[in-house]
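Below, all heavy atoms of this structure are taken into account, side chains as well, without hydrogens, waters or symmetry copies.
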Amino acid sequence: MRVSRYRLQGARVLGMLCLLLMAGVSLAHGQGKPPERGGTIRIGLWQEPSTLNPYYATMYATNLVANVVLEGLVAVDPAGTYYPVLATEVPSVANGQVSADGRMVTYRLRPGLRWSDGAPVTSADVRFTWEALMNPANRVVTRTGYDLIEKVETPDATTVVLRFKRLYAPHLTLFPYVLPRHVLGSLPDLNQTQFNRLPLGTGPFRIAEWVSGSHMTFERNAHYRVSGRPFLDRLIFKMVPSREVGSAQIKTGEIDVLWNLSEYQIPDFERLADVKLAITSSSLSEKLVLNQSAGGDPAAPHSILGDRRVRQALQHAINKRVIVEKLLYGKAKAGTSEVPHGWAADPSIQPSEFNPDRARQLLRDAGWQDTDRDGVLDKGGQPLKLRLSTTSGDKLRELVEQLVQEQLKAVGVAVTIENVLPTVLFGSWGDRSPRKRGTYDIQMYSPGPSIDPDAYLYGFYHSSQIPTEANAGAGNNTSRYRSAEFDRAVEEARGTVDLDKRRKAYIRAAHLLNEDLPVIILYTRLFVDAYRTRVGGYTPNPWAWLGWDAQGWYVAQ
Amino acid sequence: MARYALRRVLQAMPLLLGITLGIFLLIRLVPGGPLSAYEGNPDVTPQDLARLRQQLGLDAPLPVQYVRWLGRLGRGDLGWSLVSHRPVTSMIGERLGNTAYLMGLALVLTFAIALPAGIISARRQYSWFDHAVTTMSFAGFSMPTFWSGLLAILVFSVWLRWLPAGGMYTVGEAFSLADRLRHLVLPLGILTLFSAARYTRYLRASMLEVLGQDYIATARAKGLGERVVIQKHALKNATIPVVTIVALDLPQLFSGALITETMFSWPGMGRLFWEATLRLDYPVLMAVMTVSAALVVLFNLAADLAYGFLDPRIRYR
């Protein structure tokens, strides 16, 4: 455990350095004198949150805004390490706050915490948050993890004991937001409470108004636990209908911060003197999911992609670096692993080798030849033709598709592009979505693990997670990947709370995916936010949302 | 006339019912649904999805869902958003004023420009004024708003920095009429440019046709002044086809201008509809489309009644 913590510290320092270099953000900015209090910062959002109750949505925008009002027990810093927020310490076996079997987790709240209306924060609030999540009437999006809690004990006002029915390895990801019992405790359900639009929390700001379609205004929380913070008087989230309109508005100074630009907008912004970009590498990778089954039946291999040599050939034929250099201006990283960053990553994994000759050889070995001399390989009368689809209307993805198409053509693989709306691509089993039903060849999108890779790796690659008629299309293993060895690795990782053991298991799992290739990881997506130079004190954090450190933002002089 | 109007309203009922059924089926034919956003999210389990479907009533058979919706509509309840869980009426209420404000002003301004421009250019066909109006209106008509709007933002907001690029007012500042007007200029200008160009064309064509009629010659032969000929005899008849078009445009006071509102960050109905479309928020989509359809029917009836006023030869029984 000590070794692992030491390593995490190292990773943290390295990560911070990388971030600084990549972001080109000057943290030294205004370091000479303490920032002055006061001022307003306007943040442009091109997606309006549907609600500000983060348990009622999975949207980024909801979390991003709720983040400045509501806080959790612990959170994750830019290097991917947990730090305490409302709690005094991050529970671990080493500090005695996690039992050896992992079924009892103890949190100690900081003393003297207050909600923004002045009411005290107590352990009862944490218990209420759990009760709200489990209330059958509440339309919360997910209960994953919370449903494994048997009871939440509150021996005193600042101690919370979570008693799990069985071990839940990613337990630190629970309770990212604590809800106020004194406001919500008497309601039968939380579906239509005013709180969902005007939440009350412990964060640095409190919401003053939300004008639909226009903006949300936040004011300083006078009861914030850090004295002297936040520096800003007000934080305004302004809705902009699209990234393009937002880009126009940050250039004119109508907004100071623009959340989540697309990678293709980077060069346009780098020319500006009064706007700086904060770029971080996310854990989401743009990837090609390869369907290994014929029509979704995992027992019947795909006539082309069912052969591992073909999947390897495709990976060798794709020049990931060219995609990064041509389309991402060299800012992104070529794809390495399904867990590219954070505590569970193996930083030594290199991107796959671009080697068209090796690709051709592998295809020959698999029996594919161009017998009819039409430039497309064939086998037994079947041409090597694959359909590729992604979400329509995404300029960058369309360009990537065209490059992939071109590169695969060079080794004799024909690719036809068939893009569909996001709601179609991510349709359900009942909607007969090709993704769920397994009736596609290759799909391109960018899911990825959160700070704890458990849900992602298990849900997307464990053999029990293949959608079928029998399980009504549950699960996200849409590649129909089946590997007993991989299954063992992710099961082992979810079977312990020992972070070091878990990390080793995840590294094994990531290597197995790179060998078996249910997926070709093209590049790691970037988080790109833009800030006018008058904004000071921010740090980009790929594990959190813009505004996670808004208590330290100030207006630069 | 009152009986005629009543009969038409009653006749419209089955039509509207058919329209709601059509819209309902069309929306449900779109693949995906309000829960698509959670599919593929590793934290959202199949159990979660099944629970949400049941909580939101999406697990019921389609006919049941339609009848439930209709039943609520009968009680004046437009339902709840499946995404924000808020009443649809209050979501519409927040946006309706903003849309009516923008679209209403655009309509007034459109007529203030199109009426004189159309009449004068028809009256003085082939004069320099007519040529200028024709050229301008063709230009305005040919430029789609998504193009002219972006161009206007680029020129007036980004390059010249004269006008804000979007929104109804500068957020976070006290109310100021000047600020409101500055935000109004671009979206209003773009909307007006487009529709004024259209109306000028219609009015000019319609006026030209009427001015060639025998009764105009008769009126002039009676020795009536040009002013009376134009205002009393020509204009009234020339507006009949235009009234039809106005009737079709008026529901936009409710439904808004999707493209213009989106481009200029206008918090109106058009954007509400667009956002609901992205998430397939069924109740919001149903509400906006049903009310729009009802308004189209209503304004068509109003147009028919107006014909009777404009042309005494038209009588309703």
Which answer fits [X], side chain, backbone, both or neither, if we ask what part of it has an atom under 4.5 Å from a heavy atom of chain B?
X: Ala208(A); value: neither
X: Pro49(A); value: neither
X: Thr58(A); value: both

Selection from [options] maximising heavy-atom pairs under 4.5 Å formed with chain B:
options: Arg234(A), Lys238(A), Glu209(A), Met59(A); value: Arg234(A)
options: Trp429(A), Tyr56(A), Phe460(A); value: Phe460(A)
options: Thr252(A), Thr51(A), Val420(A), Asn53(A); value: Thr252(A)
options: Lys251(A), His215(A), Arg139(A); value: Arg139(A)
options: Val140(A), Thr217(A), Asn471(A), Val424(A); value: Val140(A)

(message) Is it true that, when you exclude Arg432(A) itself, more than 12 heavy atoms of the residues, nucleotides or ligands shown sit nearer than 6.0 Å to its CZ?
(response)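 No.
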As an exercise: rank [options] by heavy-atom pairs under 4.5 Å with chain A and give me the winner.
options: Pro46(B), Pro87(B), Ala165(B), Ser157(B); answer: Ala165(B)
options: Trp266(B), Tyr169(B), Trp80(B); answer: Trp80(B)
options: Ile153(B), Thr45(B), Asn41(B), Leu154(B); answer: Asn41(B)

(message) Between Glu48(A) and Arg279(B) (salt bridge meaning N to carboxylate O under 4.0 Å), is one present in this structure?
(response)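 Salt bridge: no.
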(message) One thing to verify: whether Arg182(B) and Glu254(A) come together as a salt bridge, which I'm taking to mean a side-chain N less than 4.0 angstrom from a carboxylate O.
(response)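 Looking at Arg182(B) together with Glu254(A), the answer is no, because their closest N to O distance does not fall below 4.0 Å.
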(request) Give, as side chain, backbone, both or neither, the part of Trp274(B) having an atom under 4.5 angstrom from any heavy atom of chain A. (result)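 Looking at Trp274(B), nothing touches chain A.
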(request) Would you mind checking which part of Ser81(B) comes under 4.5 Å of any heavy atom in chain A, side chain (CB onward), backbone (N, CA, C, O), both or neither? (result)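 Contact with chain A: none, neither part.
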(request) Taking Glu94(B) for its side chain and Val211(A) for its backbone only, find out whether a donor-acceptor pair lies under 3.5 Å. (result)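 The answer is no, because no donor-acceptor pair under 3.5 Å joins these two groups.
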Closest non-hydrogen atom pair between [X] and [Y], with its separation:
X: Met263(B); Y: Val245(A); answer: O-CG2, 3.5 Å
X: Ser212(A); Y: Arg95(B); answer: CB-NE, 3.7 Å
X: Val141(A); Y: Arg51(B); answer: O-NH2, 3.5 Å
X: Gln55(B); Y: Asn138(A); answer: NE2-O, 2.9 Å
X: Ser265(B); Y: Pro241(A); answer: OG-CD, 2.9 Å
X: Tyr38(B); Y: Ala57(A); answer: OH-CA, 4.4 Å

Measure the shortest side-chain to side-chain distance between [X] and [Y] over non-hydrogen atoms and say whether it is less than 4.5 angstrom.
X: Arg86(B); Y: Arg197(A); value: yes
X: Val44(B); Y: Arg143(A); value: no
X: Met239(A); Y: Arg271(B); value: yes

To the nearest 0.5 Å, what is the distance between [atom1] ([X]) and [atom2] ([Y])?
X: Ser50(A); Y: Leu82(B); atom1: OG; atom2: CG; value: 11.5 Å
X: Asp48(B); Y: Asp147(A); atom1: CG; atom2: CG; value: 7.5 Å
X: Ser84(B); Y: Asn191(A); atom1: OG; atom2: CG; value: 11.5 Å

(request) Walk me through it: do Arg42(A) and Thr170(B) pass the test side chain to side chain contact (heavy atoms under 4.5 Å, CB included)? (result) CA-CA 11 Å; Arg42(A) 293 181 176 84; Thr170(B) 307; 4.2 Å; yes
(message) Please evaluate residues Val171(B) and Ser214(A) with respect to the criterion side chain to side chain contact (heavy atoms under 4.5 Å, CB included), reporting the C-alpha separation (whole Å), side-chain torsions for both, the decisive distance (0.1 Å), and the verdict.
(response) CA-CA 8 Å; Val171(B) 296; Ser214(A) 175; 4.0 Å; yes
(message) If we count only N and O atoms by modelled type, under 3.5 Å, do the side chains of Asp43(B) and Thr144(A) hold a donor and an acceptor together?
(response)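 Absent: no donor and acceptor within the cut-off.
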